[in-house]
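Notes follow the structure.
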Amino acid sequence: MVRALLLILAALAAAPVAAAPADDFIVIAHRGASGERPEHTLAAYERAIDQGADYIEPDLVVTKDMHLVARHETELGGTTDVASREEFADRRRSKTIEGRLVSGWFAEDFTLAELRSLRARERLPGLRPANARFDGLYQIPTFEEVVALVQAKEAETGRPIGIYPELKHPTWLLQEEGIDTVDLLATALRKADLDDADDHVFVQVFEVGPLKRLDRLVETPLVLLIGPQGGPYDEPAMSWSEIMTPSGLAEVASYADGIGPYLGHVLSPDGAPTRLVADAQAAGLEVHAWTLRKENAFLPAALRRGDEEGATGDLGALAQMVRAAGADGVFTDDPALVLSALGR
């Protein structure tokens with residue numbers, strides 16, 4: 001497999017890489033430029049925009065007083081200083097989230113004012129020690145602040161900048177906490193005038209029911225995220241493998257505009273494209289694969305450079321492989337490296 005991957009990389013290296021316009025193969029800054037700044041901070045989003053990312057991706061959770069804020073998970077201990085804050089020690093608890101026991105501090109147990117007193121920290125300090133230098137500098141941003149940043153940068157740069165929000169655990173939050181984040185996001189999109197089909201917005205969820213509801217509430221393009229294994233939490237009888245068949249993708253096209261598959265569904269272990277992109281596009285769906293990261297720890301063996309897990313490997317070659325597979329876009333923690341590799 002490694003030999004086959006090396007042959008593919010050699011062929012890509014020999015071929016000229018044509019510049020791709022922003023509306024052709026899109027580069028989505030995964031949690032911002034999270035390879036260079038603590039994720040889901042305004043600093044990470046702005047850096048990604050300045051590097052030329054077509055879209056920035058805020059994951060959205062919710063506060064006790066119904067404000068959408070940008071965090072990868074509802075649990076806050078891994079990405080903020082909440083564990084060191086004595087005034088919040090009694091907020092630590094355990095919850096079973098989509099069948100997984102999680103212990104820590106949860107956004108839905110805090111008001112926005114309380115969350116604003118916290119400061120962001122690097123989630124992967126062992127792999128990204130340079131990012132940890134920024135620990136303690138940034139607040140948790142609200143979705144409204146992310147939109148305001150994008151609008152300000154559009155005015156500054158004169159180019160459209162997309163927003164690609166993901167709703168985290170919407171069914172669980174509705175069932176267990178009584179919080180309807182689908183309605184909150186639809187309301188926020190309408191308020192920001194970002195609910196039309198031609199706006200530079202995609203909304204993504206790992207669940208079917210919330211996307212179907214959003215399809216009735218807004219005209220914004222919708223994307224079904226697809227994990228490595230299992231299936232959507234809100235549809236336990238479904239599996240991702242069934243959804244990725246031609247008939248399953250045709251059903252997805254009835255309520256969504258694209259899929260966001262795990263990278264391993266787009267590229268085989270030897271680096272060759274699978275059928276997924278062609279099948280999805282035949283059903284009228286865009287394909288945005290996730291996630292490209294520069295560190296050796298996240299790369300195939302043939303693309304690693306050196307022995308250190310945190311060292312930078314050949315991310316550019318992987319980006320070229322994803323585009324050569326026919327995908328319409330890619331999520332990355334390192335938009336500058338991916339854009340450079342694509343001739344942008």
Listed partners of M238 passing side chain to side chain contact (heavy atoms under 4.5 Å, CB included), at least two apart: V208, P232, E235, I243
Run the ring-centre check on F206 versus Y233 and record whether the distance is less than 6.0 Å. no
Min side-chain heavy-atom separation P228-W240 under 4.5 Å: no
For atom OH of Y262, decide whether the heavy atoms of other residues, nucleotides or ligands shown that lie under 6.0 angstrom number more than 12. no
Could you check R121, E39, R71, R123 and say which one makes a side chain to side chain donor-acceptor pair (under 3.5 Å) with T79? R71
Test question: given the 4.5 Å side-chain rule for I, L, V, M, F, W and Y, name all other residues clustered with I140, or answer none. V61, V69, L76, V82, F88, W105, F110, L112, L115, L118
Taking D199 for the side chain and D196 for the main chain, is one N or O donor matched with an acceptor at less than 3.5 Å? yes
Is the closest side-chain donor-acceptor distance between D334 and Q51 under 3.5 Å? no
State the CG-CG distance between L267 and L318, to the nearest 0.5 angstrom. 6.5 Å
Salt bridge (charged side-chain N to carboxylate O under 4.0 Å, His left out) against R92, all qualifying residues, sequence neighbours excluded: none
Answer yes or no: does atom CZ of R275 have more than 12 heavy-atom neighbours from other residues, nucleotides or ligands under 6.0 Å? no
Do the side-chain N and O atoms of E166 and H72 include a donor-acceptor pair separated by under 3.5 angstrom? no
